[in-house]
Each structure stands twice: as structure tokens, then as C-alpha cells.
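The structure displayed is predicted, hence computed values, not measured ones. Whatever order the structure lists them in is the order used to number ligands and atoms, beginning at 1. Because only heavy atoms are used, hydrogens play no part in the values below, and waters and symmetry mates are left out as well, while side chains stay in.
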Amino acid sequence: MKIMVVGGGGREHAIIKKLAKSPQVDKIYALPGNGGIAADAECVNIGAKDIDAIVAFAIENKIDFAVVAPDDPLVLGAVDALEDKGIPCFGPRKNAAIIEGSKIFSKNLMKKYGIPTAAYEVFTEMDAALEYLKDAPIPTVIKADGLALGKGVVIAMTRDEATDAVRSMMADKMFGESGSRIVIEEFLTGPEVSVLSFTDGKVVIPMVSSMDHKRAKDNDEGLNTGGMGTIAPNPYYTEAIAERCMKEIFLPTVNAMNAEGRRFCGCLYFGLMLTPDGPRVIEYNCRFGDPETQVVLPLLESDLFEIMKACSNGTLADTEVKFSDGAACCVIMASDGYPQKYASGFEITVDADCEAEVYVAGAKLSDGKLLSAGGRVLGVTATAPDLRAAIDKAYANVPKVNFENAYYRRDIGQRALKAYSEN
Ligand code: AMP
Ligand code: GLY
């Protein structure tokens with residue numbers, strides 16, 4: 001089988017490494033991939049949003065199966081374009097990817113079908129939003145409607161911050177057209193859990209739960225980033241909570257999408273907050289999370305290709321999806337200065353005795369050398385029978401991955417360990 005994976009980050013590297021283990025997979029292309037992915041797949045210089053070129057490549061190279069990993073091409077309709085040419089895909093069609101593509105759509109869906117989420121108001125006019133904020137409860141949360149590279153959310157701790165956020169989204173177009181419509185929602189508190197799930201639109205099979213670490217600095221300080229590390233499983237996500245989420249959130253969401261004529265196939269990501277009043281949906285993503293994938297897939301014992309095929313052809317109920325009962329920790333090594341200004345172009349080397357998986361996110365090949373090329377450069381993932389051992393192993397291997405200007409958090413997983421000791 002010839003497989004094509006659209007995307008080029010650490011998440012795609014983890015997907016590709018897992019797909020390569022399937023006996024059915026003979027050849028993997030990555031569009032565009034990156035300098036590190038080039039060790040595991042043939043990289044093709046086609047951008048993930050260039051849908052016409054992606055489809056043309058797939059036809060020309062007789063691709064048997066496509067995996068569309070990032071949000072942009074999914075929301076733009078890459079799966080529709082490929083399926084319409086007879087190429088089976090893992091990933092939702094455009095009319096289902098809207099669950100991530102529009103926060104207003106997803107909030108209205110949850111309201112209509114009684115899926116627990118933060119209370120909210122939608123605004124299309126700035127004056128109305130500013131008027132509402134005059135006596136809205138503070139803190140409050142302002143969200144741009146559309147995709148904004150994961151940055152379209154402002155937690156406003158004061159009324160001034162809230163009005164500034166509304167102005168910068170709606171008047172200054174800080175996130176372009178994504179912010180011309182906004183959601184203002186209730187501020188919730190509680191531990192956060194990421195649950196990625198496989199679904200064929202009929203059954204939904206949650207993967208092992210995980211915890212992201214979004215802030216740049218230790219102790220959850222510093223700016224929000226695309227994710228500085230992850231652990232799995234998430235200790236806050238107990239069996240009782242998992243059961244409740246299946247009944248109150250996961251199945252109702254898949255059923256709601258079907259009722260709307262928007263069957264969702266692929267990876268549906270539930271960003272949850274475990275509030276004192278129960279689990280609430282913070283966000284849906286129409287794809288694997290990054291860097292959640294880098295801890296979830298290493299724990300998958302079943303054949304990823306079989307599962308992806310089953311999501312695409314509606315046979316997920318008959319397919320084995322088994323995770324190990326061990327744990328994983330991924331430490332992101334970034335360029336110092338990320339998510340603001342940073343230097344790159346430094347050679348990356350991995351010592352021969354490195355015992356962790358290295359998933360490359362931002363790197364390019366130049367004269368046979370791998371050079372850093374991005375804010376988040378790579379993730380170092382270790383698996384072990386328990387979380388403490390996984391964390392220790394990940395951090396023992398980080399010094400074996402070398403590049404100038406590397407920066408990483410020292411406390412990935414510490415909050416989770418504390419949660420275990422408190423339970
Ligand atoms: P997102 O970029 O959508 O992943 O959101 C970024 C972060 O904002 C989430 O991971 C939460 O920590 C936080 N957040 C989003 N919505 C809320 C909310 N209603 N209450 C409190 N925190 C929130
Ligand atoms: N780690 C969060 C995301 O992928 O959106």
C-alpha cells in the first residue's frame with residue numbers, strides 16, 4: 001500500500017513512524033514533511049494547504065490511502081477533494097471539520113444537543129460585544145470564531161483586558177477574518193484533559209487520555225505556545241469520568257453531527273475541563289493534537305493503518321484498538337525565545353545511545369545535515385511502565401539530542417505526578 005500523509009510537524013512524524021510498522025504499508029510520502037521526517041518517509045515539496053497539488057500528486061502516484069493531519073487542509077476540504085477522486089482518506093470532510101473550523105458552529109451544536117460546555121454569547125458587531133462586557137462576569141474568555149493557529153483565545157482577567165481583546169480581534173483584525181465573529185464565554189476552572197478518539201461516524205473509541213503543557217515556562221508561566229510537552233495517561237481522567245464523558249459528551253457529539261448531516265470520520269479531539277460541576281467541552285479539534293499524538297500513538301499496540309482504514313470505511317466496531325497500560329512523556333525542545341523571536345539554522349545531532357523516540361517538528365536538511373528551522377524543533381518521547389519512569393527516561397534522553405539554542409521545560413509531567421500522589 002502506498003500512503004500519503006499531509007502535514008509536516010511532530011504529530012505527522014509520530015503518525016508516520018506508527019504507520020510504517022503496519023505490514024500493509026509499503027511506502028509513505030509526506031507532503032511536505034520536514035528534514036527529520038525525511039528519515040522515515042519520502043518528503044514531497046507540496047504545501048499542506050495546496051489542495052489541487054495534493055490531489056494531483058495522489059492521482060499521479062497512485063496513492064492507495066491518504067491521511068490528512070492538520071486543521072487547515074481539513075477545514076478547506078482536502079478530504080472531499082481526494083475522496084471525490086476515489087482516494088480513501090483518514091480525516092473528516094469539510095462539512096464535519098467545521099466542528100473545529102468555527103467555534104460558533106461548535107458552541108451552537110453543543111447547546112442544541114445538550115452537550116456540557118461553558119455558557120456563551122456570540123457577537124458579530126463590536127459595539128454589542130463591548131456593551132455586553134460592561135457587566136459580564138470577570139474573568140471571561142474571548143474566542144475568535146475561526147482557525148487562528150491555536151492563538152485565538154484570550155483569557156481576560158480584567159474588564160480592560162476583555163475589551164482590549166475584543167477590539168484587537170474585531171477592529172484591528174489581529175487574527176484576520178477569523179476574528180470578525182467572536183464568542184464570549186464563561187470562565188471555567190479545573191484540570192484539563194485531552195482525549196483524542198477514533199470514529200467512523202458510528203462508534204467512537206477514545207484513545208489513552210493525555211495532558212498538554214501549553215505555557216512556555218516552568219510552573220505554567222510565560223506565554224501560550226503550541227504545546228511544550230505532554231504526558232499520557234492523564235491522572236485526572238479516572239474511569240468514572242471516562243464513562244461519564246462517553247455518555248454525556250463523546251457519543252452525543254458523534255450523534256449530533258450525524259443528525260446535522262455532518263458525519264465525522266477520523267480523529268475527533270475533545271479538549272475537556274473537569275470542573276467542579278462535571279466535565280465540560282473547552283474545544284473540539286477535527287484532528288490529532290500536537291504534541292498529544294507524540295505520547296498517545298507510542299502507546300498504541302494495534303495497527304494504526306487498520307484503524308485508519310476502518311474509520312474511513314465504517315468498520316471501526318470490528319477493529320482492534322488496544323493501548324498499552326504503560327505511560328509516555330514527551331518533552332518539546334524548542335528554539336530559545338519561542339513563541340516570540342528566536343534564531344534557527346543550528347545543526348541537530350542525536351547521540352547513538354539515545355533511547356527515546358525523536359519526533360521532528362521544525363527542521364530542514366542542508367548538505368546532509370539536519371538544521372533547526374522553527375520554534376518547536378522536536379519532541380523527545382519515552383515510554384515506560386509508569387509515568388514517573390517515563391518522565392525520568394524522557395529527561396535522561398533530552399541531553400542526548402543536541403542543538404545550539406535549545407530550550408525546554410524541566411517540569412513536564414510534574415503536575416500529573418502530584419495528582420497521583422494526592423489521589
Ligand atoms: P485553545 O487555544 O482553544 O486550546 O484554548 C487555550 C486554552 O484556553 C485552553 O487550553 C484552556 O486552558 C483555556 N480556555 C479556553 N476556554 C476556557 C474557558 N471557558 N474557561 C477557562 N479556560 C479556558
Ligand atoms: N495540543 C493542542 C492542539 O493540538 O490543538
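Atoms of ligand 2 found under 4.0 Å from any heavy atom of Asn285 (numbered from 1 in listed order, with element): 3 (C), 5 (O). With ligand atoms numbered from 1 in the order given, ligand 2 contributes 4 (O) to contacts under 4.0 Å with heavy atoms of Gly289. Heavy-atom contacts of Met273 reach the following atoms of ligand 1: 21 (C), 22 (N) (cutoff under 4.0 Å). In summary, the atoms of ligand 1 found under 4.0 Å from a heavy atom of Lys143, numbered by their order in the structure, are 15 (C), 16 (N). Each of the following atoms of ligand 1 lies closer than 4.0 Å to a heavy atom of Glu185: 16 (N), 17 (C), 18 (C), 19 (N). Counting the atoms of ligand 1 from 1 in the order shown, those under 4.0 Å from a heavy atom of Ile155 are 8 (O), 13 (C), 14 (N), 22 (N), 23 (C). When each atom of ligand 2 is checked for a heavy atom of Glu292 under 4.0 Å away, the hits are 1 (N), 2 (C), 4 (O). Residue Asp212 approaches ligand 2 through these ligand atoms, each under 4.0 Å from one of its heavy atoms: 1 (N), 2 (C). With ligand atoms numbered from 1 in the order given, ligand 1 contributes 15 (C), 16 (N), 17 (C), 18 (C) to contacts under 4.0 Å with heavy atoms of Ile282. Close approach of ligand 2 to Lys214 (heavy-atom distance below 4.0 Å) involves ligand atoms 2 (C).
A tilted orientation is assigned to the rings of Phe270 and Phe250, their planes being inclined by 30° to 60°.
At the shortest separation from atom 5 (O) of ligand 2 among protein heavy atoms lies Arg287 NH2, 2.9 Å. The protein heavy-atom contact nearest to atom 2 (C) of ligand 2 is Tyr269 OH, 3.5 Å.
Below 3.5 Å of separation, one finds no N or O of Phe187 facing any N or O of ligand 1. Looking at ligand 1, you'll find an N or O of Glu186 within less than 3.5 Å of one of its N or O atoms.
Judged by distance alone, the side chains of Asn108 and Tyr120 do bring a donor and an acceptor atom under 3.5 Å apart. Side chains of Asp212 and Thr230: a donor-acceptor N/O pair is absent below 3.5 angstrom, by distance only. In the model, Thr315 has a side-chain atom that pairs as donor or acceptor with a side-chain atom of Asn313 under 3.5 Å. Residues Glu320 and Ser302 have side chains that bring a donor and an acceptor to within less than 3.5 angstrom of each other.
No donor-acceptor pair under 3.5 Å is formed between the side chain of Ser210 and the backbone N or O of Pro233.
Residue contacts with ligand 1 for Asn224 are absent, since no atom lies close enough (heavy atoms, distance under 4.0 Å).
Arg287 and Asp72 are not joined by a salt bridge, as no carboxylate oxygen comes within less than 4.0 angstrom of a charged side-chain nitrogen. Residues Glu192 and Lys214 are not paired through a salt bridge, judged by the lack of any N-O separation under 4.0 Å between the basic side chain and the carboxylate. Checked for salt-bridge contact, Glu260 and Lys112 meet the test: a charged N lies under 4.0 Å from a carboxylate O.
Within the structure, the closest approach of Arg11 to ligand 2 does not fall below 4.0 Å when heavy atoms are considered. Phe288 does not count as a contact of ligand 2, since none of its heavy atoms falls under 4.0 Å from the ligand. Assignment of Arg280 to the shell around ligand 1 is not supported, since no heavy atom sits closer than 4.0 Å.
Taking a 6.0 Å sphere around CZ of Arg215, one finds it holds more than 12 heavy atoms contributed by other residues, nucleotides or ligands. By the 6.0 Å contact criterion, CD on Glu125 is open, its count of non-hydrogen atoms from other residues, nucleotides or ligands being 12 or less. Annotation: Lys49, atom NZ; neighbour count of heavy atoms from other residues, nucleotides and ligands within 6.0 Å does not exceed 12.
For atom 7 (C) of ligand 1, the candidate residues are Arg215, Glu100, Lys214; the nearest heavy-atom contact is made by Lys214. The heavy atom nearest to atom 5 (O) of ligand 1, out of those in Leu188, Thr189, Val153, is found in Val153.
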